[in-house]
Protein chains: 2
Amino acid sequence: MVTITDISQRCNVSRATVSKALNGHSDINAETAAHIRQVAKEMGYLPNATARALKLGVSHNIGVLFVDKTSSGLSHEYFSQILESVKQEAERSGYDITFISRDIGAVPMDYYEHAKYRNCDGVIVASVDFTDPAVIKLVNSDIPTVTLDYVFDSCSAVLSDNVGGMAELVRYVYGKGHRKIAFIHGEITSVTQKRLASFHKTCAELGLTIPEEYIEAATFHDPKASGLATRRLLALKERPTCILYPDDFSFIGGMNELERQGVSIPGDISVAGYDGIPLSQVLRPRLTTYRQDAETMGREAARQLVEIIERPKEWIPRQTMVPGKLLEGDTVRTIE
Amino acid sequence: MVTITDISQRCNVSRATVSKALNGHSDINAETAAHIRQVAKEMGYLPNATARALKLGVSHNIGVLFVDKTSSGLSHEYFSQILESVKQEAERSGYDITFISRDIGAVPMDYYEHAKYRNCDGVIVASVDFTDPAVIKLVNSDIPTVTLDYVFDSCSAVLSDNVGGMAELVRYVYGKGHRKIAFIHGEITSVTQKRLASFHKTCAELGLTIPEEYIEAATFHDPKASGLATRRLLALKERPTCILYPDDFSFIGGMNELERQGVSIPGDISVAGYDGIPLSQVLRPRLTTYRQDAETMGREAARQLVEIIERPKEWIPRQTMVPGKLLEGDTVRTIE
DNA sequence: CGTGTTATCTTAATCGATTTCGAAAAGTCT
DNA sequence: AGACTTTTCGAAATCGATTAAGATAACACG
């Protein structure tokens, strides 16, 4: 591998001169610098990121912590989309992406230790159990952190507008004439809590009284759980006319249960999902769902993290709300 | 941050001794070593991966190159699953994962340069245009490489059994009584070529003559393209009784077109996909599709790469074929 | 002409960890 | 006791790049 030393020998200058020439310092003669850069190019010189990181204490490397309970992590489409856009934005700013985990090899580590060990300049945290002490340790540490869909006082957060999204969804189905609206939610996380709160608040604003039995618990990304929840709703004396699901995957599980029971969609019961995965608009009927703007969220998270890293002085924790968009499919019908 | 120097001062020994104690060298007294380890633990010492990488020339870092044409990269579920299992396996062996790309920041780089710059010990390559000179440069370089779904002489490869998969699929629908089998394929890649070849070969073995018009071109992961191809097939005088699609996403696009034209599935026409994405078994009707074992592929790729990295002497390029599995859904019917 | 200034380059320390080589002390053997 | 091993530890170099501080020469100015 070509190093600075190799170049310095070829050019008959010191290593310091080469380094300065390549980094555009002003105390190097313009011609000398040009020559050095020329030679460096010819020799195919590449700076060694490792050596640089060691000396400068800055790695130009961002850690991402994406782990969900099922450890399916990336299989959740919403998160793979976020990851992809985080990656693109980080790269544009000159940062690479490294996954953070526990226990790298045989060595037991927590997330913070792993990030430190790898000299990450910052970390983006998503799709984890935010009550995990290891996560809390990380976000409260000296490492700049941006969280996705969760707020800590100690760091910036990029949030999908769950409150606004749920409100829009409820108002939409209300506008279609629905009054008996049921909500199947995912496991209790901050996201679920926000959607639940927004659901109740919006219903109240619209003058709707939602019976307790209309609120059902399921699990994110779990068609079976939502199927069961759906069955419970169908068993009620007074069936809802519309059911909201925690995500599109669960949504489809619910639709299956409805069809199995001979309930037509949206003829007998209307349904809507959340996430707006690409497939939702390919399937027939097209799913009515609230699309979370994963791309913007990832980009925004990366942008903010880079800003914190590069301008730590001016930084104060900030929450950024990313709006989504209602995708009006064919699963909610108008009723009188 | 706690460094080796800090520990050496606390223990009144040299830095060399600390390093050796922590790495279990035999020329350190057992008691001394125990004490040093104890103190290191108390002080919360973490080795600095950067310094280590610089000195040892080994980063314990694996690059992954996942870029598809639409630069949607990870949005392709097959690849996010592979990535996830690559990550898990790599971590178990003590390796971290970093994404490789071009042009990190303002600096123009090719994949090889990027991997070198980051001191990657090896790279896993998938979902790229394998005719890209930058990719070819990488796989032919001194950096150990494992490719997914593509074979170079210069490196090991992990392959989904496209030949076997397609053969199984064809034989399955043949077994169901189908004789007029159409095949919509993705853009021409090595994967497509294998499936095409296997399709023809298997049909020939079964004594089937497939008219040219039954072979249609579309694009991977593109429901519109497959919809159009489907329309062309439906316009034929002699319609096929079964259509095979390049992947499940395209598959669904094709099904939509069929339904739009009032063709019932599988009553009028049978259909089958490829990939076996999780949703394929949640949707109703359940999709008949050939499931690629992404998890095994990722794990195998990581395992082999680690082996090449750690035992370069004994290594010879090897191809590993990972079998998939036919998921028998409800989209292929039996005909007399 | 002496002093100060500027432009240009080098020396050497540094980041944190590893490792070669050697040194000192302790033990072993004849 | 003298010679030789073995055990245990440390000094110093090293990986590649950066940078503070210093050196040298050219130049300007009163």
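Between the side chains of B:Asn119 and A:Thr50, a donor-acceptor pair is found at a separation under 3.5 Å. Looking only at atom types and distance, the side chain of B:Asp129 has no donor-acceptor partner in the side chain of B:Tyr150 under 3.5 Å away.
Contact record, A:Thr3 with A:Tyr45: C-CE1, 3.9 Å, taken as the closest heavy-atom pair. Considering every non-hydrogen atom in both B:His60 and B:Gly94, the closest pair reads ND1-O, 3.4 Å.
At least one side-chain nitrogen or oxygen of A:Tyr45 sits closer than 4.0 Å to the OP1 or OP2 atom of D:dA17. Listed pair A:Ser19 / D:dA17 fails the phosphate criterion, with no side-chain N or O lying under 4.0 Å from OP1 or OP2. The shortest distance between the side-chain N/O atoms of B:Arg52 and the OP1/OP2 oxygens of C:dG16 is not below 4.0 Å. Contact annotation: B:Asn23 side-chain N/O to C:dT18 OP1/OP2 distance is under 4.0 Å. For C:dA17, neither phosphate oxygen OP1 nor OP2 lies less than 4.0 angstrom from any side-chain nitrogen or oxygen of B:Asn48. Listed pair B:Thr32 / D:dC9 meets the phosphate criterion, a side-chain N or O lying under 4.0 Å from OP1 or OP2. Under 4.0 angstrom from either OP1 or OP2 of C:dA7 there lies no side-chain N or O belonging to A:Asn29. In this model, the phosphate group of C:dC9 is not approached by any side-chain N or O of A:Ser14 to a distance below 4.0 Å at OP1 or OP2.
The nearest whole Å value for the distance from the OH atom in A:Tyr117 to the C1' atom in C:dA17 is 12 Å. Protein atom CD1 of A:Ile7 is 17 Å distant from nucleotide atom C1' of C:dC9, rounded to whole Å. When rounded to the nearest whole Å, the span between CZ of A:Arg15 and P of D:dA20 equals 16 Å. Computed from coordinates, the B:His60 NE2 to C:dA17 C1' distance equals 14 Å when rounded to whole Å. Here the P atom of nucleotide C:dT18 and the CD1 atom of B:Ile28 are 13 Å apart, to the nearest Å. Between B:Gln9 atom CD and C:dG16 atom P the separation is 12 Å, expressed in whole Å. In this entry the distance linking CD of A:Glu31 with P of C:dT8 reads 10 Å, nearest Å. The separation between A:Asp27 atom CG and D:dT18 atom P is 14 Å, rounded to whole Å.
Remark on DNA chain D: of its neighbouring residues A:Ala16 and A:Thr50, the 5'-side contact belongs to A:Thr50, judged by nearest-heavy-atom nucleotide. Between B:Leu22 and A:Ser26, it is A:Ser26 whose nearest contact on DNA chain C lies nearer the 5' terminus. Between B:Lys55 and B:Val18, it is B:Val18 whose nearest contact on DNA chain D lies nearer the 5' terminus.
In this structure, B:Leu54 reaches the bases: a heavy-atom distance under 4.0 Å links it to at least one base atom across the strands shown. Residue A:Thr3 is in sugar-phosphate contact alone, with no base atom involved, counting any heavy-atom pair closer than 4.0 Å across all strands shown. When heavy atoms are screened at a 4.0 angstrom cut-off, B:Ile36 is found touching no nucleic acid atom at all. Across all strands shown, B:Asp6 has no heavy atoms under 4.0 Å from either base or sugar-phosphate atoms.
Listed candidates were C:dT18, C:dT19, D:dA17. Nearest to the side chain of B:Lys20 is C:dT19.
Contact annotation: the side chain of A:Pro47 approaches that of B:Tyr117 to within less than 4.5 Å [non-hydrogen atoms, C-beta and beyond].
No close placement of the B:Tyr95 and A:Phe99 rings is indicated, their centers lying 6.0 Å or farther apart.
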